[in-house]
There are 2 protein chains.
Amino acid sequence: MPHDLRSFLDEWHRVVAAKDLDGLAPLLAEQVSLGAPPYWPRFESREVVQHLLGVILTTIEDFTYHREWTEPQELALEFSGRVGEHELQGVDLISLDEAFAVTRLDVLMRPTGSVDALRDLVAPRMTEFFAIRGGGAG
Amino acid sequence: MPHDLRSFLDEWHRVVAAKDLDGLAPLLAEQVSLGAPPYWPRFESREVVQHLLGVILTTIEDFTYHREWTEPQELALEFSGRVGEHELQGVDLISLDEAFAVTRLDVLMRPTGSVDALRDLVAPRMTEFFAIRGGGAG
């Protein structure tokens, strides 16, 4: 478990680079919520957000972080990647709680064509996940 | 002309709140480029970017800035708004030159339905602008 902002960021980058989905869970608060690029309603709970981030991370190719802005509990992390031939630029807006766990994560991307291509690959895997687990996007 | 980051931000927020499009031009470098939410190719030049920002600002309703991250020459500014019934969340990623003028602006928004609604209103006005001016999106 990270004990300060620097150790949170080090572990976040390690988990993303390694696509270490088990390592993601301890970085997320139990009641974390995620705002995904294609949808306005938010995804809620550590279990759902961990799974969704895992699907996204294993779908986007050449995922690379760039500029990084940090305030004590609020972060903005720019990234790039592609989905097939669709290049994309994105930013993670992250809120941390007092224990340096993610309570809120908003993922914004451009352009919309790349978001649509990503959604077409991610949505069926999330739908299958919700079917097995029971329940929906909250 | 702003002489430091604080005066740039003050003037940027004043211009956006007042929708003062003439006031926008001095904040933009001559060779500014803008990455818009729906498209991957970038819009180039002060004249084009000023016009596009003006159209966007007069189209998004209830435009409001929220979290703000600042590094000496790199900024991330979160905003919210709506297009008719479509709520949206966005972030401006801004690079400044030595004279505190914007050289690069990336606008990322979610969800895609709101970006599509915004594009449907903005694109015809930009197309008319390019027809009158001559030239394209570069």
Side-chain angles (χ1 to χ4, degrees), chain A residues 5 9 33-43 52 56 60 65-96 103-123 137, chain B residues 5 9 33-43 52 56 60 65-96 103-123 137:
Chain A
L5 179 60
L9 276 168
S33 81
L34 183 143
Y39 314 110
W40 187 247
R42 306 182 64 78
F43 294 88
L52 176 53
I56 291 173
I60 296 179
Y65 276 117
H66 301 283
R67 287 176 288 182
E68 180 172 292
W69 292 266
T70 60
E71 297 287 339
Q73 312 286 140
E74 305 289 335
L75 318 177
L77 308 178
E78 181 193 30
F79 61 87
S80 66
R82 62 183 175 83
V83 179
E85 67 195 12
H86 298 277
E87 291 187 88
L88 63 85
Q89 175 190 20
V91 65
D92 292 330
L93 304 182
I94 295 174
S95 299
L96 301 176
T103 57
R104 183 185 169 99
L105 170 58
D106 300 304
V107 183
L108 292 78
M109 291 183 195
R110 62 176 283 275
T112 40
S114 301
V115 178
D116 293 345
L118 179 62
R119 179 206 59 201
D120 288 350
L121 295 172
V122 169
Chain B
L5 180 59
L9 276 168
S33 80
L34 183 143
Y39 313 110
W40 188 248
R42 306 182 64 78
F43 294 89
L52 177 53
I56 290 173
I60 296 179
Y65 276 118
H66 300 282
R67 286 175 288 182
E68 180 173 292
W69 293 267
T70 60
E71 296 288 339
Q73 311 284 140
E74 305 289 334
L75 318 177
L77 309 177
E78 182 193 30
F79 61 86
S80 66
R82 62 184 175 82
V83 179
E85 66 194 11
H86 299 275
E87 293 187 87
L88 63 85
Q89 175 190 20
V91 65
D92 292 330
L93 303 183
I94 295 174
S95 298
L96 301 176
T103 56
R104 184 185 169 98
L105 170 58
D106 301 303
V107 183
L108 292 79
M109 292 183 193
R110 62 174 283 273
T112 39
S114 302
V115 178
D116 293 344
L118 179 62
R119 180 205 58 201
D120 288 351
L121 295 172
V122 169

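These figures come from a predicted structure and were not determined experimentally. Chain A is the first sequence line, chain B the second, and so forth, proteins listed ahead of strands; every chain is numbered from 1.
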Practice task
Indicate the atoms forming the closest heavy-atom contact of A:Trp69 with B:Leu75, along with that distance.
Solution key: CZ2-O, 3.6 Å
Handout entry: Residue list, side chain to side chain donor-acceptor pair (under 3.5 Å) with A:Ser95, at least two apart or on another chain
Key = A:Glu74, B:Arg67
Problem - residues 83-91 of chain A: residues contacting chain B (heavy atom under 4.5 Å, by number) - result: A:Glu87, A:Leu88, A:Gln89, A:Gly90, A:Val91
Practice task
Could I get the full list of salt bridge (Lys or Arg N to Asp or Glu O under 4.0 Å) partners for A:Asp116, not counting sequence neighbours?
Solution key: A:Arg119
Exercise for the section: Could you tell me which residues in residues 106-113 of chain A have at least one non-hydrogen atom under 4.5 Å from a non-hydrogen atom of chain B, sorted by residue number? Expected result: A:Asp106, A:Val107, A:Leu108, A:Met109, A:Arg110, A:Pro111, A:Thr112
Practice task
Could you tell me which non-hydrogen atom of A:Glu71 sits nearest to which non-hydrogen atom of B:Thr70, and how far apart they are?
Solution key: OE2-N, 4.5 Å
